[in-house]
Amino acid sequence: MRISFSEKELVDLLWAWAVISISFAIVLSRTPYGFFNFSENLLVSSLSVGIAFLVHEIFHKILAQKYNCWAEFRKFDLGLILALLFSFSGFIFAAPGAVFIFGFISERENGKIAASGPFSNLILAFLFLALGHFFKFENVLLSRIISHGFYINSWLAFFNLLPFPPLDGLKVINWSALAWIVMIGIAGFFVFYF
């Protein structure tokens, strides 16, 4: 199976990655005294939030294309503008875009496509957790990327599994309530226990 990306899709993915990364960097840099270490926080955000977002959307796309669907990411300009504007208040509301899918698929296939995004975030959260647990990094920047990567991926999985449209959770439940319970249970454990 060959995964294909259009030029527009790649541009939309890069725009969304950049705006989401900048928005989170602004939040991380805010202090009562102004903005500090923006470039460092931009690196942390790009390698944690940015990667979490990209991998989530690409997993949706890969599985949809496996089921012979047309699947492409499109950015939501309003969602990106709101993310950037809200970041100055210290709060992020991010709706950067979504993978649009067209084709004939069963409820089971639709559920698996929906589950693939949060599943990718759970994999990344586990990898960040393992990196932080098994390797003790003295580099503060690397430690921040790892801890932020774990938390953001855990939260993205949990949030996207909530059973409300247009999130992924309801589609997953319609396919397999057991899969949904296991996934949201793991994500919830990661978010609320660690």
Student: Donor-acceptor pair, distance only, cut-off 3.5 Å: does the side chain of E109 make one with the backbone of S106?
Tutor: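 Between the backbone of S106 and the side chain of E109 there is a qualifying donor-acceptor contact (under 3.5 Å).
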
Student: So, using salt bridge (Lys or Arg N to Asp or Glu O under 4.0 Å) as the criterion, who are the partners of E107 when residues are at least two apart?
Tutor: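 Once residues adjacent in sequence are excluded, E107 has no partner under the salt bridge (Lys or Arg N to Asp or Glu O under 4.0 Å) criterion.
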
Student: Can you tell me how far the OG atom of S154 sits from the CZ atom of F159, to the nearest 0.5 Å?
Tutor: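 So the gap between those two atoms works out to 15.0 Å.
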
Student: List the atom pairs, with distances to 0.1 Å, where a side-chain N or O of residues 121-130 and a protein N or O form a donor-acceptor pair under 3.5 Å, not counting sequence neighbours.
Tutor:
unit_1	atom_1	unit_2	atom_2	d
N121	OD1	H56	ND1	2.6
N121	ND2	A52	O	3.2
N121	ND2	N153	OD1	2.9

Student: Ignoring hydrogens and angles, tell me if any N or O in the side chain of H60 forms a donor-acceptor pair with the backbone of V99 under 3.5 Å.
Tutor: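 No.
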
Student: Among all residues two or more places apart in sequence or in another chain, which pass the salt bridge (Lys or Arg N to Asp or Glu O under 4.0 Å) test with K112?
Tutor: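 For K112 there are no salt bridge (Lys or Arg N to Asp or Glu O under 4.0 Å) partners, ignoring immediate neighbours.
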
Student: Just by distance, do the side chain of S116 and the backbone of F59 share a donor-acceptor pair under 3.5 Å?
Tutor: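 Judged by distance alone, yes, a pair lies under 3.5 Å.
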
Student: Is W180 reaching over with its side chain to a backbone N or O of L170, donor-acceptor style, under 3.5 angstrom?
Tutor: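 Not at all, since once roles are kept as given, no pair shorter than 3.5 Å links the two residues.
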
Student: How many angstroms lie between OG in S120 and CD in E57, if you round to the nearest 0.5 Å?
Tutor: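 Atom-to-atom, S120:OG and E57:CD are 8.5 Å apart.
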
Student: Under the side chain to side chain contact (heavy atoms under 4.5 Å, CB included) rule, collect the residues that match up with S45, sequence neighbours excluded.
Tutor: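 S45 satisfies side chain to side chain contact (heavy atoms under 4.5 Å, CB included) with S21, F24, A25, L28 once adjacent residues are dropped.
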
Student: For the rings on F190 and F150, is their centre-to-centre separation under 6.0 Å?
Tutor: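 Judged by ring-centre distance (under 6.0 Å), F190 and F150 do meet the cut-off.
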
Student: Could you measure the distance from the CH2 atom of W17 to the CD1 atom of I51? Nearest 0.5 Å is fine.
Tutor: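 One gets 4.5 Å once the value is rounded to the nearest 0.5 Å.
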
Student: Excluding sequence neighbours, so at least two apart, what forms side chain to side chain contact (heavy atoms under 4.5 Å, CB included) with E9?
Tutor: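 Only F5, S6, L13, K61, E72, F73, R74 meet the side chain to side chain contact (heavy atoms under 4.5 Å, CB included) criterion with E9.
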
Student: Would you please name every residue forming a side chain to side chain contact (heavy atoms under 4.5 Å, CB included) with V182, sequence neighbours left out?
Tutor: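 Applying side chain to side chain contact (heavy atoms under 4.5 Å, CB included) to V182 gives L178, I186.
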
Student: How many angstroms lie between CD1 in I26 and CG in L42, if you round to the nearest 0.5 Å?
Tutor: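 Spacing of CD1 (I26) from CG (L42) equals 9.5 Å.
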
Student: Going from CD1 on I58 to CG on L54, what distance comes out if it is rounded to the nearest 0.5 angstrom?
Tutor: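 Spacing of CD1 (I58) from CG (L54) equals 5.5 Å.
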
Student: Roughly how far apart are L162 CG and I173 CD1, rounded to 0.5 Å?
Tutor: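 Taking CG in L162 and CD1 in I173, the distance rounds to 9.5 Å.
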
